[in-house]
Undergrad: 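There's a structure below that I have some questions on.
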Amino acid sequence: MPRKFFQKYLPSHEAIRNNRHIARFGALLQHPNLWHLNRHSVAGGVAIGMFSGLVPGPFQMLTAAVLAVPLRVNLPVALATTLYTNPLTIGPLYVIAYWIGTLLVSGDSAPFSHPPGFDWSNLGAWLRALFEWSLSLGKPLAVGLVVLAVGLAIAGYVVVQLAWRMHVILAWRRRKARRAGGHSA
């Protein structure tokens with residue numbers, strides 16, 4: 001089971017509670033769902049991470065943390081899920097968001113231009129160019145980003161819920177088959 005695999009490598013709730021960095025926040029970071037792996041907290045963490053991944057700039061993880069704590073979903077999952085946006089995926093995601101925005105926003109559509117080419121050797125200039133390109137796309141991009149973020153969050157939540165449920169059903173069936181096979185011997 002994936003939960004048992006991850007639990008081997010994750011710290012216990014007691015270790016988290018006693019961590020000096022987390023202890024500074026008092027009860028704010030003490031809720032069990034922020035750290036436990038269960039279907040609802042993980043699905044919520046994925047949804048928050050999918051939504052926060054489309055927040056512009058370097059604020060994705062901060063947004064994920066700010067949303068995960070009061071909503072009491074798995075904080076590490078929310079933070080890790082934001083990593084689906086990266087220099088290789090952000091351009092295509094913004095193009096998709098712009099396209100969605102043009103379908104929803106009538107009239108005031110900025111002319112589409114291709115995103116700047118990614119350049120590892122000059123990351124600062126590329127980020128600046130990506131920011132300027134994003135601003136040039138205006139309202140369709142802004143609306144499209146919100147719609148895409150909400151859609152990805154819903155899809156992430158549903159996929160985790162269904163996958164977790166299927167995993168549990170298959171585990172029950174395997175256990176039932178093993179028990180039936182053990183009684184016939």
Undergrad: Hey, are the side chains of Thr85 and Gln60 touching, using non-hydrogen atoms and a 4.5 Å cut-off?
TA: yes

Undergrad: Strictly distance-based, threshold 3.5 Å: is any side-chain N or O of Thr102 a donor or acceptor partner for the main-chain N or O of Trp99?
TA: yes

Undergrad: So, do Leu75 and Trp35 sit near enough that their side-chain heavy atoms are less than 4.5 Å apart?
TA: yes

Undergrad: State, yes or no, whether a side-chain contact exists between Tyr98 and Leu145 at a heavy-atom distance under 4.5 Å.
TA: no

Undergrad: Under a single-linkage definition using a 4.5 Å side-chain heavy-atom cutoff for Ile, Leu, Val, Met, Phe, Trp and Tyr, are Val147 and Leu141 assigned to the same hydrophobic cluster?
TA: yes

Undergrad: To the nearest 0.5 Å, what is the distance between CD (Gln161) and CZ (Arg39)?
TA: 4.5 Å

Undergrad: Quick check: closest heavy atoms across Ala153 and Phe51, and the distance to 0.1 Å?
TA: CB-CB, 4.0 Å

Undergrad: With hydrophobic residues grouped by side-chain heavy-atom distances under 4.5 Å, do Leu37 and Val160 end up in a single group?
TA: yes

Undergrad: I need the minimum non-hydrogen distance between Val77 and Gly45, along with the two atoms involved.
TA: CG1-C, 3.9 Å

Undergrad: Given Trp164 and Val42, is the side chain to side chain contact (heavy atoms under 4.5 Å, CB included) satisfied, shown in steps?
TA: CA-CA 10 Å; Trp164 198 294; Val42 170; 4.0 Å; yes

Undergrad: Just wondering, are more than 12 heavy atoms of other shown residues or ligands nearer than 6.0 Å to CZ in Arg175?
TA: yes

Undergrad: With side chain to side chain contact (heavy atoms under 4.5 Å, CB included) as the test, would you mind laying out the steps for Leu83 and Met61 before giving the verdict?
TA: CA-CA 9 Å; Leu83 298 176; Met61 286 193 177; 3.5 Å; yes

Undergrad: Same cluster or not: are Val105 and Ile96 linked, directly or through other Ile, Leu, Val, Met, Phe, Trp or Tyr residues, by side-chain heavy atoms under 4.5 angstrom apart?
TA: yes

Undergrad: So which heavy atom on Ala64 is nearest to which on Ala78, and how close?
TA: CB-O, 3.9 Å

Undergrad: Quick one: do the Asn33 and Asn74 side chains pair a donor with an acceptor below 3.5 Å?
TA: no

Undergrad: Between Val158, Val159, Thr81, Val73, which is the residue that forms a side chain to side chain contact (heavy atoms under 4.5 Å, CB included) with Val46?
TA: Thr81

Undergrad: Are Leu79 and Leu67 grouped together when hydrophobic residues (ILVMFWY) are joined by side-chain heavy atoms under 4.5 angstrom apart?
TA: no

Undergrad: When you group the ILVMFWY residues by side-chain heavy-atom contacts below 4.5 Å and let the links chain together, are Met50 and Leu93 in the same group?
TA: yes

Undergrad: Could you walk me through whether Leu54 and Tyr84 pass side chain to side chain contact (heavy atoms under 4.5 Å, CB included), step by step?
TA: CA-CA 9 Å; Leu54 285 177; Tyr84 80 95; 3.4 Å; yes

Undergrad: To the nearest 0.5 Å, how far apart are OG1 in Thr82 and CZ in Phe59?
TA: 13.5 Å

